[in-house]
2 protein chains.
Amino acid sequence: MTAVTTRCCAPIAREPLSESDAAELAVMLKAVADPVRLRLLSMIGSHAGGEACVCDLTGAFDLTAPTISHHLKTLRTAGLIDGERRGTWVYYRIVPEAVNKLGALFTPLAGPVDLELASA
Amino acid sequence: MTAVTTRCCAPIAREPLSESDAAELAVMLKAVADPVRLRLLSMIGSHAGGEACVCDLTGAFDLTAPTISHHLKTLRTAGLIDGERRGTWVYYRIVPEAVNKLGALFTPLAGPVDLELASA
DNA sequence: GTACTACTTAGACAAACTTCGAATTATGAG
DNA sequence: CTCATAATTCGAAGTTTGTCTAAGTAGTAC
């Protein structure tokens with residue numbers, strides 16, 4: 001919960017990340033460090049209504065449904081998306097706090113940033 | 001080179017990433033999606049003078065020199081750091097443009113952002 | 001109930017990744 | 001030149017990851 005107030009540069013370049021912070025962030029980054037998952041995240045986030053059902057996503061890839069499902073689970077486990085079943089379909093949406101957290105890590109001049117909860 | 005001017009949300013949630021953009025970004029993200037490399041990047045960026053020699057880094061990890069060297073190469077290949085030999089030591093520094101590019105991807109309200117070159 | 005669709009789970013396998021120890025290159029000191 | 005130090009390159013071992021097929025769960029319609 002270190003509220004950094006300097007604004008010289010991106011938080012990652014302000015002071016050495018602790019071992020535990022690095023481990024935690026790496027989990028989120030690993031989830032996003034894949035072309036398919038990046039596109040899935042992007043497609044979900046930019047879809048009308050801020051949510052997309054799996055059926056909206058699978059068609060864009062040359063991959064089987066189980067593979068897409070696996071990637072969605074990875075994103076979900078990392079806290080980047082959240083899913084909900086409504087009738088026949090399962091809808092996913094972005095968790096903005098998680099995405100903001102990643103952005104804040106690498107963004108300079110973001111002002112006073114709290115690494116734990118970059119949402120306010 | 002799509003200059004997005006809307007500011008509803010993070011670029012990643014504005015419009016679906018193209019396959020090639022996703023592939024390119026995933027390379028950079030993969031480099032950063034590891035606890036050791038995250039800490040290396042952070043240690044280099046926050047070191048006095050904006051640069052650190054390998055000898056400043058190895059001590060912080062329970063890893064052998066070849067392993068650290070391997071991770072530094074990964075970061076370098078991804079364009080996130082740059083290295084230079086001066087005498088006996090090799091000094092690494094952050095490439096700010098690369099870090100900014102990652103930050104811009106996930107940061108909302110960043111204003112008009114050019115995905116290809118988020119530096120200005 | 002059966003049949004059909006949407007999605008997830010389980011198991012298997014190849015490719016990629018992390019790490020190591022050993023050998024190698026590069027530089028400086030005597 | 002020889003020796004010592006800093007760092008990288010080179011295989012190899014063990015682990016993780018991405019993808020598939022096959023099977024299972026959840027819901028709708030009849």
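Note that the coordinates shown come from a computational prediction; the quantities given were computed from them, not determined experimentally. Below, read A as the first sequence line, B as the second, and so on, with proteins coming before strands; counting in each chain starts at 1.
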Gap between atoms [atom1] and [atom2], on [X] and [N] respectively (whole Å):
X	N	atom1	atom2	result
B/Arg86	C/dG28	CZ	P	12 Å
A/Leu57	C/dC7	CG	P	9 Å
B/His71	C/dC20	NE2	C1'	12 Å
B/Ile68	D/dT5	CD1	C1'	18 Å
B/Leu75	D/dA7	CG	P	16 Å
A/Glu84	C/dA6	CD	P	19 Å

With the side chain of [X] defined as its heavy atoms from C-beta on, choose the nearest nucleotide among [options].
X	options	result
B/Lys73	D/dT8, C/dT19, D/dT9	D/dT9
A/Thr67	C/dT18, D/dC20, C/dT8	D/dC20
B/Lys30	C/dC17, C/dA26, C/dT8	C/dC17
A/Arg85	D/dA26, D/dA7, D/dT19	D/dA26

Practice item. Using the rule that two of Ile, Leu, Val, Met, Phe, Trp, Tyr join whenever any of their side-chain heavy atoms come within less than 4.5 Å, decide whether A/Leu105 and A/Val95 are in one cluster. Key: no
Check your understanding: Within 45° of the ring axis of B/Tyr91 and under 6.0 Å from its six-membered ring centre, is that where the NZ or CZ of B/Arg85 lies?
Key -> no
Taking only N and O in the side chain of [X], is any of them less than 4.0 Å away from OP1 or OP2 of [N]?
X	N	answer
A/Tyr91	C/dC7	no
A/Thr64	D/dC20	yes
A/Tyr92	C/dT8	yes

Check your understanding: Are A/Thr77 and A/Thr74 close enough that a side-chain donor and a side-chain acceptor fall under 3.5 Å?
Key -> no
**Study point:** Residue whose nearest DNA chain C nucleotide is more 5′ - A/Trp89 or A/Pro66
**Key:** A/Trp89
Going by atom type alone, with no hydrogens or angles, which donor-acceptor pairs under 3.5 Å involve a side-chain atom of residues 43-50 of chain B and a protein atom two or more places apart or on another chain?
residue : atom : partner : partner atom : Å
B/Ser46 : OG   : B/Ser42 : O            : 2.6
B/His47 : ND1  : B/Glu51 : O            : 2.9

Exercise for review: Spell out, as yes or no, whether a donor-acceptor pair under 3.5 Å connects the side chain of B/Arg14 to the backbone of B/Cys9.
Suggested key: yes
Check your understanding: Do side-chain atoms of B/Thr107 reach the backbone of B/Gly103 as a donor and acceptor pair under 3.5 angstrom?
Key -> yes
Check your understanding: Looking for any heavy atom pair under 4.0 Å, which part of the strands does A/Phe61 touch: base, sugar-phosphate only, or nothing?
Key -> nothing
**Study point:** First encountered from the 5' end of DNA chain D, between B/Asp56 and A/Leu63
**Key:** B/Asp56
Practice item. Between B/His70 and B/Thr88, just flag the one whose closest nucleotide in DNA chain D comes earlier from the 5' side. Key: B/Thr88
Check your understanding: Can you tell which of B/Leu40, B/Thr67, B/Leu41 makes a side-chain contact (heavy atoms from CB on, under 4.5 Å) with B/Leu72?
Key -> B/Leu40
Check your understanding: Going by number, which of residues 33-54 of chain A have a non-hydrogen atom under 4.0 Å from DNA chain C?
Key -> A/Cys53, A/Val54
